[in-house]
Every structure is written in C-alpha cells, then in structure tokens.
Visitor: 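Sharing a structure here in structure tokens format.
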Amino acid sequence: MEFKIALLSGDGIGPEIVGEAVKVLDSVGAKFGHRFEYEKALVGAAAIDATGNPYPDETHEVCLRSDAVLFGAIGDPKYDNDPSAKVRPEQGLLKMRKSLGLYANLRPLAVFESLAHRSPLKTGIVKGADFLCVRELTGGMYFGRPQGRSEDGNTAYDTCVYTREEVERILRLAFRQARGRRNKLTVVDKANVIATSRLWRQIAKEMAPDYPDVEMEFMFVDNAAMQIIQCPTRFDVIVTENLFGDILTDEASVISGSLGMLPSASIGETSALFEPIHGSYPQAAGKNIANPMATILSAAMMLEHLGLKEEASSVRGAVNAAIEKGVVTEDLISDGEKPYMTTEVGDFIASII
Ligand code: IPM
Ligand code: MN
C-alpha cells in the first residue's frame, strides 16, 4: 500500500529523531511491501525563524493532504526565557491541534521489564504498570475565551469551557479504548468544585449503560495524582480534560524510567498526528545522542492507526530487541556500558525489521 506521511520535525533534537523513525519506516516498507511518501514542513521555532509564523498555512496544507503526521518536538530556549515574545513556538502546536481537529491525545504508559529498575519509584510498585491516558486536547482552559488581563494589568482570567458534544466524543473514544484493553475506565475530574467537571460526570453516567462491559469509576484529579504514584498498576484507561491531562501525563511519564521511551498519538475525525512525549531537548541538539525510541514507537502507533498491525508489532519487537541487547542511548545505559549514538540505535532497529 501507499501512504503519504507529513514530516514535521520541529526544533531541537526533532530532526534527528524523526530521521531515525523514517529509517525504520522505510525498512518496514521494504519488508512488507509498502511505500511511504514523505513531505516535510516547518513548525515551531524553526517555522518562526523562516516565516514569522509557528504554524504556517503551507504546513497546514501539507498535514491536510497526508494520511498521517509524524511530529518531532517544538520549543527553543530563546523563547522560554523571553516572556515578552509575542509569537511563541507553543502557539504553533495549539493552532495545529485546533485546526486539524486533534481532539484526543493518547498517551500509553507501559513499563519495560528490563527498564523498571530505572524508575524513580520502587520496582515493586511500577512493575506491570500498563495504562493509557486519554487527554481531551482541543477544549477546556487552553482554548476557552475570554482569556486575558484587565486594563490595569492587575487581574488575569482564563475560562474553562466544555460542550456536551466535546465531552461525548472524547468519552466515546475512551470507552472504546477500554474495550480494546482491560475494560476499565477511570474518569478523572474535579466535580466537587468545577462546573465543567460536573457536566463530564453527568454525561459519563448517561453513556455508561451503552458500554456494560466496561467498568467505569470516577476519581478526583488530586486523588488521581496520588494514586498514579502509589499504585499505577490499578489503572487501565484514564480519561480527563485538557489541563488535568497535561499535568497527569507528565507525572505518569516518569514512572517508566525514561521519558525517552514514550510515544503518543493525537487523533481527530480526519487527521492524526504522532509524536514522542518528550520535548525538544535543546542541549542535545545536533550531538547525535538523543534517544530516538519514543519517536520510533510513535511511528509504530502511526502504523497501527493506518491499519498496519503486524508492521506495528514488528517495530515494537525491534525496539525491545535493542533494549535487551543494550543498543541504547546514554539515557538508558547501565554503569560502565558504552552508549550508542542516535543513528546507531536507529540503524540497529531498522536492521532487525
Ligand atoms: C504537551 C505540552 C504542550 C501542552 C505545550 C508545549 C503547549 O506540554 O504537549 O503536553 O501543554 O499541551
Ligand atoms: Mn505537557
């Protein structure tokens, strides 16, 4: 089969790690008889430097005409340290999510057996943890209006808005994900305080009878933050609103022992984007030391989304083999071992496929 893939490498280590994922995709293509046609486009600080716009119209066109988007990372210290900057790389990400309608962000968290000892939590607590966070991505406080400052500059406000339609579609997706896993869904909210959370809870209760095979529970977000650390194995699928999901997924990401391993997917009705959850890691840019595995695993999620299940599992198998053999970058080596370079890890994984 033939697929059009938009490549949005972005900033920092983005181009290096996306390059390795492309290598792996090409070897999947060669082995299984598919053709991936790539089209590159600018996003983030790289796009601001070239065009003044963090998500140019041309990039949007490239995404629209692709079957899927493979995304690297965005962010540049020169903007982080300048609170007065009018145009920021992150605005490109938000504009992209909204204009492509990417309403669901799926962040799977699984602890690799051989990496469990790297977790900041006790091995006994994290071993076997395997859950999926479904974060609503185009609503809530990120996009609610009004947002801003009073005229005298001394008061600021954000607005959290959710419509029934937005809540239903993300819950539907989460119920279905639970069906494909261990049939358990935790709806995380702050319904004891916040009106939008009470709407979420009401709608979830209305929908639950349509999914009698899924065991649904509610959990307040503060409690969830605690349980994720105390007993991560109790979760199967977690669904929550945009800002809670942003925070909880960063918290969850460290459980696995390496941020460099975690993929994600952002899904809409017509577009889908795949990206590692780590950032642009500017200190490592250009040094050939960044871990490409999260991006390669994101490419595996992309293959699955394109209906290529066997291909996706061959990629996951190859990543596992690299870990088992110790063909890993410096973030994953044990004492006294020699780290491999980004390109060597990519070559190895591609060669196993
Ligand atoms: C993420 C990031 C973004 C977010 C930032 C960069 C705007 O933290 O993808 O989780 O807050 O959604
Ligand atoms: Mn985040």
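Whatever order the structure lists them in is the order used to number ligands and atoms, beginning at 1. All residue numbers refer to positions in the sequence shown, counting from 1.
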Visitor: If hydrophobic clusters are built from ILVMFWY residues whose side chains come within less than 4.5 Å, do Ile277 and Leu93 share one?
Guide: no
Visitor: Using the side-chain hydrogen bond (donor to acceptor under 3.5 Å, both in side chains) rule, take Tyr142 and Asp246 through it: C-alpha gap first, then chi angles, then the decisive distance, then the call.
Guide: CA-CA 10 Å; Tyr142 274 64; Asp246 178 49; 3.1 Å; yes
Visitor: Parallel, tilted or perpendicular for Phe3 and Phe36, by the 30°/60° rule?
Guide: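 Phe3 vs Phe36 ring planes: parallel.
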Visitor: Find out whether Phe32 and Leu308 are in side-chain contact, i.e. whether some heavy atom of one side chain is under 4.5 Å from a heavy atom of the other.
Guide: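 Sidechains of Leu308 and Phe32: no contact.
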Visitor: Other residues, nucleotides and ligands only: do more than 12 of their heavy atoms fall within 6.0 Å of CD on Glu113?
Guide: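 Atom CD in Glu113 is not packed in, count stays at 12 or less.
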Visitor: Considering only non-hydrogen protein atoms, determine which one is nearest to atom 8 (O) of ligand 1 and report residue, atom name and distance to 0.1 Å.
Guide: Asp246 OD1, 3.4 Å
Visitor: For the Mn ion (ligand 2), check which protein N, O or S atoms are under 2.8 Å away and list them.
Guide: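 The answer, once waters are left aside, is Asp246 OD1.
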Visitor: Among all protein heavy atoms, pick the one closest to atom 1 (C) of ligand 1 and tell me residue, atom and distance.
Guide: Arg107 NH2, 3.5 Å
Visitor: Return the orientation label for the His305 and Phe274 ring planes: parallel under 30°, perpendicular over 60°, tilted otherwise.
Guide: tilted
Visitor: Roughly how far apart are Glu344 CD and Ser351 OG, rounded to 0.5 Å?
Guide: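 If I round to the nearest 0.5 Å, the distance is 12.0 Å.
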Visitor: May I ask you to identify, for Arg88, whether its side chain, its backbone, both or neither come under 4.0 Å of ligand 1 on a heavy-atom basis?
Guide: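 Neither part.
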Visitor: Indicate yes or no: at least one non-hydrogen side-chain atom of Leu70 is less than 4.5 angstrom from one of Tyr38.
Guide: no
Visitor: Which protein heavy atom lies closest to atom 6 (C) of ligand 1, and at what distance to 0.1 Å?
Guide: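 Answer, as residue, atom name and distance: Glu90 CG, 3.6 Å.
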Visitor: Among all protein heavy atoms, pick the one closest to atom 9 (O) of ligand 1 and tell me residue, atom and distance.
Guide: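 Looking only at protein heavy atoms, the one closest to atom 9 (O) of ligand 1 is Arg97 NH2, 2.7 Å.
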Visitor: Short list, please: which atoms of ligand 1 are under 4.0 Å from a heavy atom of Tyr142?
Guide: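 Result: 4 (C), 11 (O), 12 (O).
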Visitor: Is Arg135 in contact with ligand 1, taking contact as a heavy-atom separation below 4.0 Å?
Guide: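 Arg135: in contact with ligand 1 (<4.0 Å).
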Visitor: I'd like to know if Arg316 pairs up with Glu311 as an ion pair, taking the criterion as any Lys NZ or Arg NE/NH1/NH2 lying under 4.0 Å from an Asp or Glu carboxylate oxygen.
Guide: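 The answer is no: the pair does not qualify as a salt bridge.
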